[in-house]
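Keep in mind that the numbers below use all heavy atoms, side chains included, and drop hydrogens, waters and symmetry copies.
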Amino acid sequence: MEMAVNSVSPSEFDSSTPPESSEKNLQPFFILHKASSRSSHRRRIHLSPSKSVIKTDDLLLRMEAFQSVWSEIHSASKDVLRDINTSAFNDIYHWVRQSFHAITSYGMPGFGQATRSFPLLTHATSKQLFTGLVLTKNMEFVDDLLTFEELGLCLKSHGCHVANLSSTDFSAKNGIGGCLRSLLRQFLMVSLDAADMSILASWYREQGNYNSPLIVIVDDMERCCPSILSVFILTLSEWVVKIPIILIMGVATTLDAPRNILPSNVLQQLCPCKFVLGSPAERMDAVLEAALLRQCSMFCIGHKVAVFLRNYFLNQDGTVTSFIRALKIACAQHFYMEPLSFMAGALFEEDNQGFQGERNVLLEGMLKYASELSSPDSDTRAEQIDTTLTCRLRELKRLQKCWSSIVLCLYEAGKHKIRLLDIFCEALDPEAYNSVASDNHTGLGKGFGISTPSDPSMRQQCFTMRKGGFICQAIQKVRLLPEASLSQLLKSWENLTVDIYEIHDKVKELQSMVKLEEGRISKEDLTDICILCSNDRRHASWRRLNIESSKRINEKAASLIDCMVRDFLRPIECLPFHEIGCFRNVEKLQLALIGDPRRRVQLDLLEFHKILWCSCCSRSCNIPLPSMPDTSIMYTLAQEHGDLINLPEWFQSFKTIISHISTKGKRKTKQSMLPKKTKYINESEDKSEASIQARFCRAVTELQITGLIRMPTKRRPDCVQRVAFGL
Amino acid sequence: MGKEESPQVTRRTTRSSSSAANLDNVAEKTKAKDPPPPTLNDLLFGEEKPITLDDLLSSFPGRRVQILELLRILGPVNCPMLPVFIYGGTSTGKTSIILRIFAHLNRPFVYSSCLTCYSPRILFESVLDQLLLHRKSAANGYSSAKRCERPSDFVNFLREALTSILCNLQGNSGNLRSKKLEGQANGHMIYLIFDNLELVREWIKSNTMLPFLFNLYDILKMPEVGVIFISNTSPDTYYSCMGYVEPTPVYFPDYTEDNLRQIFMRNQSNKKLYSSFLDIVLKPFCRVTRRLDELSTAFSLLYKKYCEPLSDQGIVPNEDMKRRLFSQLQPHIASSLNEIFRVISLPSAEVGATKKPKRKDTTRKSGGCEVPDQLDFHMSTSAKYLLISAFLASRNPATLDASLFDSTGGSDSRKRKRKPSEKSKEHKETAEQESLMKGPGTFPLERLLAIFQCITSVAADEEEQENDGLGIQAGDNSLMSDVLLQLSSLCNASLIVKGGSCPLDGSTRYRSTVCEDMTLQVARSLKFPLSKYLYRG
């Protein structure tokens with residue numbers, strides 16, 4: 001399908017690409033919808049008159065900011081994805097060592113024995129091939145390509161010989177030779193056209209690699225051609241006594257998969273062991289935490305965007321790769337479209353180097369520039385802004401940090417039950433915040449309401465009142481937490497709220513209370529035991545008391561987090577100057593992510609004049625004209641047909657439209673000339689007939705390639721079938 | 001004949017027994033970094049200990065007849081032989097016995113397995129390499145001695161190689177007589193062994209390769225060459241009567257229970273204990289399988305279990321202890337039997353229990369309340385719906401689609417279909433059996449998409465009713481958007497199988513391969529009423 005779209009699209013895009021060099025930077029993200037990027041264009045035009053000193057390199061600045069912010073986010077998410085696998089990798093390495101010892105315990109054959117063609121006669125169990133089945137827990141495989149590569153590197157660093165094979169090596173076309181060839185290519189670094197295992201054996205013996213196992217990693221077992229994979233496994237098991245080979249296979253679905261794919265005599269040879277990688281949801285939360293919450297990159301996404309991303313993740317494409325890609329698109333779009341966004345870069349770098357030197361000068365200019373562009377609801381008295389803007393931006397940054405710390409606190413509270421993505425989405429919702437707050441505090445949305453705290457009791461309702469809301473659930477969980485995990489939770493809160501003094505103190509206070517309580521209880525327990533024998537009833541009352549006191553602490557913790565939510569969980573979109581770092585244009589992202597290519601192809605075929613911008617066709621609405629592209633004419637004509645399109649009829653109507661203009665002038669004369677039937681006219685007619693037929697055929701083929709019609713079947717040779725209906 | 005043969009044979013082996021010293025020497029040398037250039041001795045089995053006939057017979061219990069038969073066919077030294085075809089089930093000792101026999105006879109042979117040599121070229125080159133005493137190494141770029149792809153080339157090269165090596169052998173045997181050189185091969189015959197011959201049938205060129213291999217003896221016209229085929233299928237499965245002399249068949253039957261007992265009792269340190277263990281397990285397992293490899297993997301695990309309560313492995317069990325051990329092992333036998341029957345693929349649960357990372361049970365949030373989700377891996381919602389619709393399309397007859405997916409849902413269609421089912425129960429039963437035999441049906445893409453659209457629209461309606469304004473709604477339109485992509489990833493995960501190969505051809509049909517349990521899990525995670533839409537014959 002994608003190919004089809006591409007085959008149609010280049011002409012469209014070429015003709016419509018605005019002649020701006022800057023847009024080329026973003027081109028990879030606009031594979032499908034370049035043509036519709038009008039709005040940003042308009043916006044730029046609208047803004048350009050107000051551009052001041054730094055007008056020329058404004059876009060450059062923003063792109064610079066994008067580079068620095070995105071590289072930070074990217075590296076953070078990469079690190080966290082790597083770290084998430086380390087424990088699983090370590091497990092795998094331990095297992096590899098164990099299996100290697102098990103293999104070598106049968107005795108290592110000498111050189112002559114190992115390179116012989118006939119098998120060593122050993123115990124029957126020695127033919128078992130140690131196999132690690134790595135459950136990737138995601139049907140989509142994209143995320144794990146990198147994982148297995150890293151697993152290979154990790155094992156290599158421990159001194160194993162590693163070869164990574166993928167499903168393309170196990171194709172039926174290349175047969176077993178294909179995968180052996182790529183195996184040898186990776187181990188021996190030579191490419192041979194006649195690859196067989198004896199070569200591997202002699203290489204292994206020759207190099208004196210006795211102390212390390214050979215590890216073969218197959219990325220995606222389900223996608224391999226089953227027959228080739230089973231022959232491969234049989235071959236390996238034949239040689240496993242001579243060459244210590246260990247197999248690692250990625251399984252995307254369930255452990256039943258090998259059983260479904262491989263025949264029994266092959267399964268017999270495997271000695272499997274299961275490993276589990278982190279689920280995509282866990283990884284997603286980790287990436288979200290690292291990329292958007294942990295480090296303050298000044299880039300953030302709006303509520304609608306977050307909800308869209310969440311739904312996209314759940315409904316369409318549950319891969320972390322696509323999530324990161326979506327973030328990147330959002331980030332690039334943001335820095336490209338939002339004039340204020342250049343400040344995000346400056347603010348972000350402020351952390352690193354502070355306002356110094358020429359940066360400082362530059363920043364002043366920026367601030368001036370920013371004052372002209374800043375959000376309409378902020379008061380724009382210039383002289384005030386000049387002086388206060390800097391500190392306000394700092395304030396914005398502080399508030400954003402607070403917000404993310406509170407979200408993380410909530411996540412800690414609801415860990416393993418509530419997903420971070422859900423909390424994140426809910427915490428971003430400005431409507432829930434504003435709906436109540438704006439009634440009482442009209443000044444909040446406008447002006448700089450940062451310093452004025454709005455009525456807490458009212459605002460508290462917005463997040464905590466919402467029944468079934470994730471934040472509410474998280475707070476509820478705090479109430480029910482057992483004691484040990486409560487003190488753990490408080491510890492994590494303590495770490496998270498280091499920057500927020502008010503909360504940090506309260507958390508410390510609560511912690512000390514818990515400690516006190518613990519001490520008391522343990523003492524009581526001691527005395528309890530003494531009392532226990534004498535008075536059972538009193539013990540029960542003690543117990544109840546204890547429970548009550550611990551309940552009290554739980555209640556305190558719950559009210560603390562409640563208070564945190566009330567005071568500090570202000571959605572980014574409710575802060576002034578949020579435009580600097582907050583991307584809110586969900587439509588753009590949607591267009592970039594969900595291509596909906598078939599619909600797009602149909603639309604483009606019908607409304608091609610929007611893309612071609614030719615003067616001749618734009619007037620006609622749905623009436624096919626001969627100047628239109630053939631495929632468009634054909635598709636417009638096809639609209640009149642039902643399920644089946646009669647080919648001769650279609651051709652006839654196509655012909656009449658095509659020949660309309662070329663013969664219109666001559667039509668009269670032609671008819672009068674017809675009876676004469678001179679040879680010359682006949683020839684030219686034949687020619688045009690042939691060319692029309694050729695054009696018709698080409699158009700039909702194009703429609704077929706784009707997946708809109710299906711070629712005639714044997715049963716009905718004169719009809720094509722329409723495949724896609726409606727828009 | 002066989003009786004006449006055996007004393008002669010033993011005599012020969014005693015002579016070869018003196019070769020041990022030399023072979024040891026060779027083995028030592030090979031341990032050095034630089035491997036020695038291959039010599040004629042590499043065509044021998046290269047056993048460190050000499051094998052007498054008695055050793056040979058005793059190491060393969062229950063195979064006396066076959067061994068003697070083979071020895072008879074191979075004949076005395078320098079005696080020409082007709083091709084032999086050894087066949088029998090997997091793991092009945094065909095390859096081991098023939099290799100041991102050659103170790104015993106100390107005659108040169110060339111072994112190639114059609115499993116390792118997966119194409120004619122590699123098979124030919126492997127045979128030639130061995131005959132030409134060529135070893136692939138880094139020095140020669142891991143290439144073969146001769147590049148040989150066509151059978152005619154192979155015959156020419158083979159003849160050359162054989163004549164040169166036979167010259168060598170004859171010279172050696174001449175030497176042997178005069179100088180009594182030790183460690184040399186007996187006689188000047190050379191034997192070609194082709195193992196796993198059944199695999200050749202699946203090669204692309206099998207229809208020329210098989211007659212060629214069977215004909216090889218006639219083509220070569222060299223009485224000094226013996227050809228031996230090993231296969232796990234009977235000669236009837238090859239196209240015989242193709243104009244070649246049919247090779248002499250030797251059949252290796254499955255082991256009997258007694259044989260298996262003898263085999264398992266070999267090399268056991270604590271014979272009494274193991275015998276009591278075999279008393280328990282051998283009988284039930286023999287009913288399921290008699291394959292030595294299957295049994296030995298199962299037994300090695302079970303024996304560990306059996307010995308677990310014992311502190312001293314060398315203990316001689318008495319009746320009472322046997323009874324206790326039996327009662328302890330009994331629960332494991334059934335499961336192990338079952339595993340062998342269904343074929344084990346994951347004893348990992350036990351084996352890797354110590355190393356395995358802790359598994360968290362996956363619970364997913366959906367719509368505000370918790371749904372325990374048994375589905376072990378992540379699938380996007382639209383993929384789930386697609387999976388369900390594929391399942392429905394595979395199970396339901398296409399004619400019922402209209403009634404199942406009309407606006408009223410599946411509720412009233414049930415009444416309609418109940419009538420005919422009462423009328424003709426037998427007919428229904430046969431149809432049911434038929435559908436069971438046929439497996440899931442195939443369906444075109446359009447039908448799948450239609451069902452998908454129906455069930456997602458129903459689900460979207462229900463969701464809207466349930467939704468209490470959380471602000472987080474499933475974008476119902478967007479479920480449809482890249483459905484083809486989802487379909488392709490389902491195909492890749494082999495949950496849906498695609499028939500036909502041409503992607504542009506509209507007539508590809510799909511088939512759902514998931515079982516009902518898994519579909520139910522998926523449906524449960526979506527809260528989709530699967531049973532409402534499933535037609536039960």
Side-chain angles (χ1 to χ4, degrees), chain A residues 1 87-88 91 94-95 110-112 115 117-119 121 124-125 128 137-140 176-177 190 192 194 196-199 202 206 208 222-223 234-235 238 252-255 258-259 264 267-268 270 272-274 276 279-280 307 311 314-318 419 422 425 429 468 594 596 710-711, chain B residues 26-27 30-31 33 35 46 90 95-96 99 111-112 115-119 121-122 125-126 130 135-138 142 292-294 296-297 300 343 345-346 348 351-352 355-357 359 362 365 368 376-383 468 471-472 474-475 478-479 481-482 484 489 492-494 506:
Chain A
M1 199 63 221
S87 72
D91 286 343
H94 278 299
W95 166 79
F111 185 92
T115 48
S117 60
F118 50 84
L121 304 177
T125 42
Q128 293 240 310
K137 297 207 136 196
N138 194 352
M139 194 189 71
E140 301 279 349
I176 179 76
V190 291
L192 300 158
D196 73 293
M197 289 297 284
S198 64
I199 296 179
S202 57
E206 224 172 42
E222 277 101 336
R223 297 185 187 205
L234 285 178
T235 315
E238 189 103 316
T253 51
T254 56
L255 277 178
R259 201 180 282 171
S264 66
L267 288 175
Q268 173 65 35
L270 300 179
C273 180
K274 181 178 78 173
V276 186
S279 75
V307 168
N311 285 344
L314 285 183
N315 290 342
Q316 312 272 324
D317 188 354
R419 292 195 29 208
D422 296 333
C425 285
D429 192 0
I594 302 180
D596 210 359
R710 185 195 272 179
M711 280 289 143
Chain B
V26 170
T30 53
K31 269 170 196 151
K33 282 263 163 161
T90 314
T95 307
S96 336
L99 288 175
Y111 173 93
S112 0
L115 179 62
T116 307
C117 306
Y118 53 88
S119 74
R121 181 184 166 186
I122 289 173
E125 289 180 0
S126 140
Q130 292 177 60
R135 183 178 285 153
K136 292 173 181 175
S137 66
Y142 302 105
L292 200 60
D293 52 350
E294 285 180 353
S296 57
T297 46
S300 66
V343 172
S345 81
L346 27 134
S348 54
V351 175
K355 285 283 157 275
K356 189 179 63 186
R359 258 189 69 199
T362 49
K365 310 285 307 158
D376 221 16
F377 58 95
H378 179 94
M379 242 205 279
S380 59
T381 315
S382 89
D468 47 354
I472 301 172
S478 60
L479 268 186
S481 70
D482 47 21
L484 292 180
S489 41
N492 277 330
S494 67

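- When each of E222(A), E140(A), M139(A), M197(A) is checked for heavy-atom pairs under 4.5 Å with chain B, M139(A) comes out on top.
- To the nearest 0.5 Å, the span separating CD on E294(B) from OG on S264(A) amounts to 7.0 Å.
- Closest approach of D196(A) and S198(A) over heavy atoms only: OD2-OG, 2.6 Å.
- Looking at T116(B), the atoms closer than 4.5 Å to chain A (heavy atoms on both sides) sit in the backbone and in the side chain alike.
- Under the side-chain hydrogen bond (donor to acceptor under 3.5 Å, both in side chains) criterion, N138(A) pairs with no residue, sequence neighbours left out.
- For I122(B), the part sitting under 4.5 Å from any heavy atom of chain A is the side chain, from C-beta outward, and nothing else.
- Checking side-chain atoms of S202(A) against main-chain N and O of S137(B) turns up no donor-acceptor pair under 3.5 Å.
- If you measure heavy-atom distances from L234(A) to chain B, the contacts under 4.5 Å come from both the backbone and the side chain.
- The two residues R259(A) and L267(A) come nearest to each other via the heavy atoms CA-CD1, 3.9 Å.
- Heavy atoms of S119(B) lying under 4.5 Å from chain A are absent altogether.
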